Protein chains: 2
Amino acid sequence: MRKISDSTVRRLSLYLRFLEQSLAQGRATISSGELARLGGTTSAQVRKDLSFFGSFGKRGLGYAVPELSAKIQGILGLQRAYRVVLVGAGKMGGALVQYQGFKQRGFNISAIYDQDARKIGSRWNGLVVRDVKLLEGDLKKEPSDIAIVATPGPAAQEVVDRLVRCGVKAILNFAPVPLSVPGDVEVKTVNMALELETLSYALANR
Amino acid sequence: MRKISDSTVRRLSLYLRFLEQSLAQGRATISSGELARLGGTTSAQVRKDLSFFGSFGKRGLGYAVPELSAKIQGILGLQRAYRVVLVGAGKMGGALVQYQGFKQRGFNISAIYDQDARKIGSRWNGLVVRDVKLLEGDLKKEPSDIAIVATPGPAAQEVVDRLVRCGVKAILNFAPVPLSVPGDVEVKTVNMALELETLSYALANR
DNA sequence: TTCTGTGAATAGGTTCACAGCT
DNA sequence: AGCTGTGAACCTATTCACAGAA
């Protein structure tokens, strides 16, 4: 398949949210202009984004909300549920475990791991924190496609190496370090200090 | 000043991290190639990024680590400390309050607000959670440039409107909704479900 | 010789504009 | 008439390639 830009994929995610809202409101169709307004972009952009994957609309009418919704779900690979393991039972891990947005989208955190004996065994949102030593054994029994890494920076790379050896193919990283992984593994790093710095740059330059 | 792209600003943040690490290791100089390797980019990219702001290197030698560090700090507006208020004392708020990366960069969370009577008055990392009703009064006394919004989605826009009226000029948003603000206010939304969806897309398309 | 700084070339993403359905 | 789908034009970002300083 032709290479799709990250920005297009991110916008599709956004459109999907608005489509689901529209669906809940019982709307039958929606125009590219409407989606654009909700997503803070232009109607041409919306149509172009969708056109990479096919022609889903009706000229003169717009897009059928349930159909487009299903199409985008398909494109993003969201029809199936994903098993997700979380490594790092710190404050951030805690926030992520209970984050509703993941579950809603079919990302189910199935296990939490930590190194710290004081955390191991404690119950978190219905899950018991497990010793990270058990990672390999557990993943052999129940493989996971996706892992969330929320360890301190220095521990992250080692954890990631182990996850990769266990067949994890996608990693969402909250540790503030760049990670190196084989080419067939996808990593997305969320670095909150960096986000604040872009704001600080904006404040300083006006 | 010429418009600098968001990606350039983000990379500068990254370079700054590596420079500080190098500084801690006592290195005197660093080349664009080295910075590129650490940041996962190319040496030409590093030089181009820096060239928008001046010529900081020495041909044949590279960049003096402490100087370049200081320069980038200046560019990003990080010489001064920022007063940051946090609205939303949920799990995510809790994770953000204790996040070391903010403090390290001079972003000091000076107050936490929530609506929920059960949370108001509790101590969080040395700060007492205050009633969000006090927001306007507090910000009049002690203005803040930056706010972090970690409320549930439906509450976010109202909170943001109030923050903007109080003179807040930059907002880091963790609520999963797009926010509308006046043109002179900078908003950065971090949407974790969306990040996971880009991973799911990657998994589904290989 | 090494590595920077930067115009020029290339690639990539966005917007335009209009033909073509409904 | 209204709105999609899409090639072409445009604009922005990245990469190349080389002159020039240490």
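Residue numbers begin at 1 in each chain, while the letters A, B, ... track the order of the sequences. Keep in mind that this is a model prediction, so the values were computed, not measured.
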Selection: residues 7-19 of chain B, any non-hydrogen atom under 4.0 Å of DNA chain D = B/Ser7, B/Arg11
inquiry  = Tell me which residues in residues 25-43 of chain B lie within less than 4.0 Å of DNA chain D, going by non-hydrogen atoms.
reply    =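 Those residues whose heavy atoms fall under 4.0 Å from DNA chain D, taken from residues 25-43 of chain B in numerical order, are B/Thr42.
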key: Sidechain N-carboxylate O distance under 4.0 Å for B/Arg162, B/Glu158   = yes
task = Using a strict 4.0 Å threshold on nitrogen-to-oxygen distance, state whether B/Glu34 and B/Arg27 make a salt bridge.
result = yes
request  = Establish, with yes or no, whether the OP1 or OP2 oxygen of D/dA13 is under 4.0 angstrom from a side-chain nitrogen or oxygen of B/Gln45.
outcome  = no
Using atom names, set out every protein N or O paired with an N or O of nucleotides 18-21 of chain D below 3.5 Å, distance rounded to 0.1 Å.
| residue | atom | partner | partner atom | Å |
| --- | --- | --- | --- | --- |
| D/dG20 | N3 | B/Arg59 | NH1 | 3.3 |

key: Partner residues of A/Tyr82 under the ring pair (Phe, Tyr, Trp, His ring centres under 6.0 Å) criterion, sequence neighbours left out   =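 Counting only residues at least two positions away or on another chain, A/Tyr82 forms a ring pair (Phe, Tyr, Trp, His ring centres under 6.0 Å) with A/Phe107.
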query = Who passes salt bridge (Lys or Arg N to Asp or Glu O under 4.0 Å) against A/Arg105, sequence neighbours left out?
reply = A/Glu20, B/Glu197
ask   = Which residues satisfy the salt bridge (Lys or Arg N to Asp or Glu O under 4.0 Å) test with B/Asp116, sequence neighbours excluded?
value = B/Arg118
Non-neighbouring partners of B/Arg11 that pass side-chain hydrogen bond (donor to acceptor under 3.5 Å, both in side chains), sequence neighbours left out =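 B/Arg11: side-chain hydrogen bond (donor to acceptor under 3.5 Å, both in side chains) contacts with B/Thr8, B/Asp49.
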key: Between D/dA13 (P) and B/Lys48 (NZ): distance, integer Å   = 12 Å
To the nearest 0.5 Å, tell me how far [X] [atom1] sits from [Y] [atom2].
{"X": "B/Arg165", "Y": "B/Leu139", "atom1": "CZ", "atom2": "CG", "result": "12.0 Å"}
{"X": "A/Ser200", "Y": "B/Leu76", "atom1": "OG", "atom2": "CG", "result": "6.0 Å"}
{"X": "B/Glu195", "Y": "A/Phe102", "atom1": "CD", "atom2": "CZ", "result": "9.0 Å"}
{"X": "A/Lys119", "Y": "A/Ile112", "atom1": "NZ", "atom2": "CD1", "result": "11.5 Å"}

query = Should we count CD of B/Gln115 as having more than 12 external heavy atoms under 6.0 Å?
reply = no
inquiry  = Looking at every heavy atom in both A/Ala204 and B/Gly77, which two are closest together, and how far apart are they?
reply    =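 For A/Ala204 and B/Gly77, the tightest heavy-atom pair comes out as CB-CA, 3.7 Å.
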ask   = What closest approach, in Å, do B/Leu12 and B/Phe53 show between heavy atoms, and which atom pair accounts for it?
value =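 The answer is CD1-CE1, 3.5 Å.
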message = For a 4.5 angstrom cut-off between non-hydrogen side-chain atoms, does B/Ile146 reach A/Leu203?
response = yes
inquiry  = I'd like to know if the side chain of A/Arg83 pairs up with that of A/Ser144 as donor and acceptor (distance under 3.5 Å, no hydrogens or angles considered).
reply    =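 There is no such pair (donor and acceptor under 3.5 Å, judged by atom type) between the side chains of A/Arg83 and A/Ser144.
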request  = For DNA chain C, determine which residues of residues 193-206 of chain A have any heavy atom closer than 4.0 angstrom to one of its atoms, and list them numerically.
outcome  =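 Residues of residues 193-206 of chain A under 4.0 Å from DNA chain C: none.
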Side chain to side chain contact (heavy atoms under 4.5 Å, CB included) involving B/Ser180 - partner list, sequence neighbours excluded = B/Gln157
request  = Just call it for B/Lys3: base, sugar-phosphate, or nothing, with non-hydrogen atoms closer than 4.0 Å on any strand.
outcome  = nothing
key: Overall bend - the helix from C/dT1-D/dA22 to C/dT22-D/dA1, comparing terminal axes fitted on five pairs, nearest 10 degrees   = 10°
request  = Check every nucleotide of DNA chain C for an atom under 4.0 Å from a heavy-atom of chain A, then give the first and the last such nucleotide from 5' to 3'.
outcome  =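 Contacts span C/dG13 to C/dT22, reading 5' to 3'.
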note = 5'-most contact on DNA chain C (nearest-nucleotide basis), A/Lys58 vs A/Ile4, goes to A/Ile4
Would you tabulate the side-chain donor-acceptor contacts of residues 62-73 of chain B under 3.5 Å, counting partners in other chains and residues two or more places apart, or write 'none'?
none

query = Are B/Phe18 and B/Tyr15 close enough that their ring centers fall under 6.0 Å?
reply =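 For B/Phe18 and B/Tyr15, the ring centres are not under 6.0 Å apart.
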